[in-house]
Amino acid sequence: MAALPDKPSLDGLERKWAERWEADATYAFDRTRPRDEVFSIDTPPPTISGSLHMGSVFGYVQTDALARFHRMRGEAVFYPMGWDDNGLPTERRVENHFGVRCDPTLAYDPDFTPPATPDPKRKQPCSRPNFVELCLALTVEDEKVFEDVWRSVGLSVDWSLTYATIGPRAQRTSQQAFLRDLARGDAYAAEAPTLWDVTDQTAVAQAELEDREQPGAYHRYGFQRSDGAGKVFIETTRPELLPACVALVAHPDDDRYRGLFGTTVTSPLFGVDVPVLAHELADPDKGSGIAMICTFGDTTDVTWWRELQLPIRNVLERNGRLRNEPPAAITTESGRAAYTGLAGKTAKQARARIVELLAEAGELEGEPTPITHPVKFYERGDRPLEIVTSRQWYIRNGGRDDDLRQQLLQRGKELRWHPPFMQQRYESWVEGLNGDWLISRQRFFGVPFPLWYPVADDGSVLHDTPIVPDQASLPVDPSSDVPPGFSADQRGRAGGFVGDPDIMDTWATSSLTPQIATGWVDDPDLFSRTFPMNLRPQGPEIIRTWLFATIVRSSAEFDRLPWSDAALNGWILDPDRKKMSKSKGNVVTPAAVLDEHGSDAVRYWAASARPGTDTALDVAQMKVGRRLSIKLLNASRFVLSRLPDDRQGDEAVTEALDRSMLRQLSGVVADATTAFEGFDYARALERTERFFWRFCDDYLELVKTRAYGEAGGTGPASAQVALALAHRTLLALFAPFLPFVTEEVWSWHETGSIHRSPWPDSTLLTTTAGDGDPVVLDVAAGVLGEVRKAKTTAQRSLRTEVARVVVTDTAVRLAALSGAAEDLREAGRIADLELVEGAEASVAVSLADQ
RNA sequence: GGGCGCUUAGCUCAGUUGGCAGAGCACCACGCUUACAACGUGGGGGUCGUCGGUUCGAGCCCGGCAGCGCCCACCA
């Protein structure tokens, strides 16, 4: 216990208490507790390659308030922290930070050092192991920065429970889960058209797409009919794919084209005959109502190609350029000559060129019509996605299996969503899936597929019979480890083996955060105490990725949800109500904000936002939080100064005013507890705060004189007991939101940490309040307010003596007031207080002469 | 095209079984009152987006519309 400070201050509390909590292991998880006494949280592992922004702080603080509530309720809170460090964002950051690029054909160079001065134009090639080393080195630094911010904002995570998605346990978990998916048939490889990012040269998944409105143009040109009756005109935004055209398609009911179904037409420039076909997806209202099917211009082409069983006529390479050789279907000399003009160009360059060619040949009808239209992009990419055919790994997610889809929709209904409307986003995503989950990436920094393939005697790779490792040997890196039964010198040789070159998408590992955090692969005891978890907190923008994928994996492996509740936080908007994002340059760094306003103040702002509600970054709200914290310091100093050192604490609360206040507080505790149980931290804060100001403005003023103890009798003891109980209760109610200032105050008069102290008991307060009537405080505060008003209106000091106050009110309210009459007279400096029963309530105040 | 959310004081937002419109900020006035001047006390300020319905009574329930934001969609 420390003495009361003369001038309490918020300065330095963050550092002081963060260090103490660390030293005392205040938030350590007690792993001896059984499952039903544990509250486990599937903390979102932040992407540490990006910079922290206020949106992160916002969501994590809300979760922390919930964690602190459950801890004070006596539960063993399992609150780990992960770092999402694998994947493309880290690769990008490493490439730019060190000025290197990964060349997987190079051998490991133990003496490799990155360029002294990175040159973004000329990145130095390095081997994959060297590249991974640089990734690991940089992520360690980034993780430190994040941890510092999390500690200064007061997250009550158990810092001994950290993991990284590139770490050994995550890799082992990810590989084991994949191998079990493979054994069950939930994972499979397929050669198929996939969305492809030509910059990063990797496949991407449906969940990582976003549409962007792009300028484009309709180009109109005709295909020659075989009956000689002129041309069929199509309109396309991708004329450069004309050499990849395999058919035209129109709606089966479209009278304009019905007569052409089954015939062939001949493409302009290239002279290739293609069939005219019918399909329901063709929209008579788009363009000319008949479309050119190319392999592949967009995902509709893929659908048509598959359902109409068309051939593949590829022209795009994986680097986004048109291949050098024309498709075999182009046989005419003029056609092959025309293609020469396109070979090797990017899609964009080829588009410009083919427009020239068509115009020169007189094939282009009119001028291209400019439009803007949505184009699919990889969410981190800056060039439109193409579609290429490649061999990739998939995990079944219901995208092409209605039974599984229904099962996953059912999981969504079993999950408790906070707020509930967020479930809609899950359902619309699952219902809109159009294929299984593509998890393989042609990248370097990630969890490798734990597979090798036999190489036949003729040198061909036997992809259909992969060699799998023993689970005990996980994690493995097939690019350096040797499969069972082979020796290292057989790598890449006929009769030997090759390793799978791909890595898993970061979500394929992140979808296992419950399994990683709870020790599924290596800590069965911990797993049994923490899984399935209680809470998944996260942002709404990753429902389709993280939340959905986690349910997919858990559902397949355990046939159950990975958690019982999901809490979705809202967006952070800048003061102009635009979404904050790095590209808009309006990101505010948390460290500066925390430093300026203080952690409790920032936490107050974050915790004031209703669950799932988009919220403006509001400095004014932080100032309110700071003011609240200072008020808490001062009010606490006053309350504690009134309590005698030798107070026994077992005296009865006898006075009507004290009992009234405790009765009201009991209701506040009940409300706050109910709100917290429903994950509504904001409501708990709002109720607590509202009562706290009433407590300070009215109760403290009314009870002040009596609490000095000069009056004698049981009055002072009653006040002191009520003050102590209410103060302790309020401190606890605020503790989840304002952990620093509440801990500071706690340390003045208590031992241990408030964050380990029990959550207030509403019933106990009710018992202590006895026959307390909440109306007493209300009426007394109302009269006191009228007295203040009279003094203020008269422009007199609040210290002004009042000669006489006449209160007219109902008998019931006057009876309530009479119990607090003496407190009221003292607080208002009222000489004569008269209570008169009457229908019209009024308070008449006569100030003493000056 | 389908869906979700929001719309309440100048600003940011509460308002959960339908019962006389609330808080903070900002603004104005007053006050150094022995917890608090980085403060306190008081005040002005709203036909609760719009149209209609249910009801004794609607910010709240039902339906239509509008604006803003977001999610989803096979976007030639």
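The sequence lines fix the lettering, A, B, ..., with proteins before strands; numbering per chain opens at 1. Computed from a predicted structure; not experimentally measured. Worth knowing before you read on, the calculation uses all heavy atoms, side chains too, and leaves out hydrogens, waters and symmetry mates.
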Rounding to the closest angstrom, what is the interatomic distance between B:G42 and B:C51 at atom C1'? 41 Å

Nearest-Å distance once atom C1' is located in both B:G67 and B:G31: 46 Å

Once you measure the plane-to-plane angle for A:Trp417 and A:Tyr426, does it fall in the parallel (<30°), tilted (30-60°) or perpendicular (>60°) bin? tilted

Please give the distance between the C1' atoms of B:C56 and B:G64 as a whole number of Å. 26 Å

Spacing of the C1' atoms in B:G63 and B:A21 (rounded, Å): 25 Å

Of A:Pro8 and A:Asp697, whose closest RNA chain B nucleotide lies nearer the 5' terminus? A:Pro8

Go through A:Lys348 and A:Glu240 one step at a time and tell me if the salt bridge (Lys or Arg N to Asp or Glu O under 4.0 Å) criterion holds. CA-CA 8 Å; A:Lys348 194 174 173 183; A:Glu240 75 278 14; over 6 Å; no

Go through the steps for A:His279 and A:Glu307 under the test side-chain hydrogen bond (donor to acceptor under 3.5 Å, both in side chains), then give the verdict. CA-CA 9 Å; A:His279 194 278; A:Glu307 296 187 6; 2.8 Å; yes

Please give the distance between the P atoms of B:U7 and B:G15 as a whole number of Å. 10 Å

Base, sugar-phosphate, or nothing: which does A:Glu541 touch, judged by heavy atoms less than 4.0 Å apart? nothing

Would you say B:A23 has OP1 or OP2 under 4.0 Å from some side-chain N or O of A:Arg690? no

For Watson-Crick and G-U wobble pairs within 3.5 Å on both distances, what is RNA chain B written in dot-bracket notation, | included for inter-strand pairing? ((((((((.[[[[.)...(..]]]].(((((.......))))).....[[[[[..)....]]]]])))))))....

Would you indicate what A:Ala282 reaches in the nucleic acid, counting non-hydrogen atoms under 4.0 angstrom: base, sugar-phosphate, or nothing? base

Look at A:Lys631 and B:G40 and indicate whether a side-chain polar atom (N or O) is within less than 4.0 Å of OP1 or OP2. yes

Give the ring-plane orientation class for A:Trp605 versus A:Phe58, where under 30° counts as parallel, over 60° as perpendicular and anything between as tilted. tilted

If I pick the C1' atom on B:G22 and the same atom on B:A9, what distance separates them, to the nearest angstrom? 10 Å

Can I get a per-line list of side-chain donor-acceptor pairs under 3.5 Å for residues 214-221 of chain A, giving both atom names and the distance, sequence neighbours left out?
{"from": "A:His219", "atom 1": "ND1", "to": "A:Ala217", "atom 2": "O", "distance (Å)": "3.1"}
{"from": "A:His219", "atom 1": "ND1", "to": "A:Thr236", "atom 2": "O", "distance (Å)": "3.2"}
{"from": "A:Arg220", "atom 1": "NH1", "to": "A:Glu235", "atom 2": "OE2", "distance (Å)": "3.1"}

